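Note sheet for the following structure.
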Amino acid sequence: MEQFSKISIEEISKHDMLMIIKALEYTGEKTNISSFGELKDAIVRQLSILCNSSEEEFISYLQK
């Protein structure tokens with residue numbers, strides 16, 4: 001198996017990305033493990049920067 005340090009998200013659909021974000025949010029809230037919320041926030045922050053939008057605009061885009 002090849003090792004890698006980064007994963008491309010080019011093949012992840014909008015729906016799947018929204019599900020990942022919602023799953024991280026839900027899991028963080030239900031388990032009180034802050035790492036899940038922090039990971040969700042980091043993903044949303046980085047993707048919104050790539051889309052040149054606010055985090056709220058990015059989530060709204062995924063929900064359409």
Side-chain angles (χ1 to χ4, degrees):
M1 182 168 128
E2 289 186 46
Q3 294 185 359
F4 52 89
S5 61
K6 294 185 178 188
I7 299 172
S8 173
I9 61 165
E10 293 173 339
E11 300 300 321
I12 298 176
S13 71
K14 284 174 30 177
H15 178 264
D16 290 348
M17 182 56 66
L18 182 61
M19 293 299 295
I20 291 167
I21 289 168
K22 293 293 184 183
L24 288 168
E25 181 177 45
Y26 177 85
T27 304
E29 290 173 358
K30 298 300 178 186
T31 64
N32 290 322
I33 299 173
S34 63
S35 298
F36 289 105
E38 292 166 5
L39 178 56
K40 180 211 77 138
D41 291 344
I43 289 171
V44 171
R45 184 172 37 257
Q46 290 298 313
L47 291 175
S48 65
I49 289 169
L50 288 173
C51 291
N52 199 26
S53 68
S54 71
E55 293 176 18
E56 294 79 18
E57 289 172 326
F58 178 72
I59 294 295
S60 178
Y61 165 75
L62 290 179
Q63 293 172 335
K64 292 181 184 178

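Please read all numbers here as calculations on a predicted model, not as lab measurements.
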Residue pair Leu47 / Phe58: nearest heavy atoms and the distance that separates them: CB-CZ, 3.4 Å

Heavy-atom side-chain contact between Met17 and Ile43 under 4.5 Å: yes

Minimum-distance pair of heavy atoms, taken over all atoms of Ser48 and Ser54: CB-O, 3.7 Å

Pairing residues for Asp16 by the side chain to side chain donor-acceptor pair (under 3.5 Å) criterion, not counting sequence neighbours: Ser13

Partners passing side chain to side chain donor-acceptor pair (under 3.5 Å) against Ser8 (at least two apart in sequence or in another chain): none

Contacts of type side-chain contact (heavy atoms from CB on, under 4.5 Å), residue Ser60, not counting sequence neighbours: Lys64

Interatomic spacing from OG in Ser53 to OH in Tyr61 - rounded to 0.5 Å: 9.5 Å

Name of the residue among Asp41, Leu39, Ile59 meeting side chain to side chain contact (heavy atoms under 4.5 Å, CB included) with Ile21: Ile59

Which donor-acceptor pairs under 3.5 Å do side chains of residues 22-29 form with protein atoms, sequence neighbours excluded?
from  : atom 1 : to    : atom 2 : distance (Å)
Thr27 : OG1    : Ala23 : O      : 2.8

Gln46: partners by side-chain contact (heavy atoms from CB on, under 4.5 Å), with sequence neighbours left out: Ile49

Met19 CE to Ile12 CD1 distance, which is reported to the nearest 0.5 Å: 13.0 Å

Partners passing salt bridge (charged side-chain N to carboxylate O under 4.0 Å, His left out) against Lys14 (at least two apart in sequence or in another chain): none

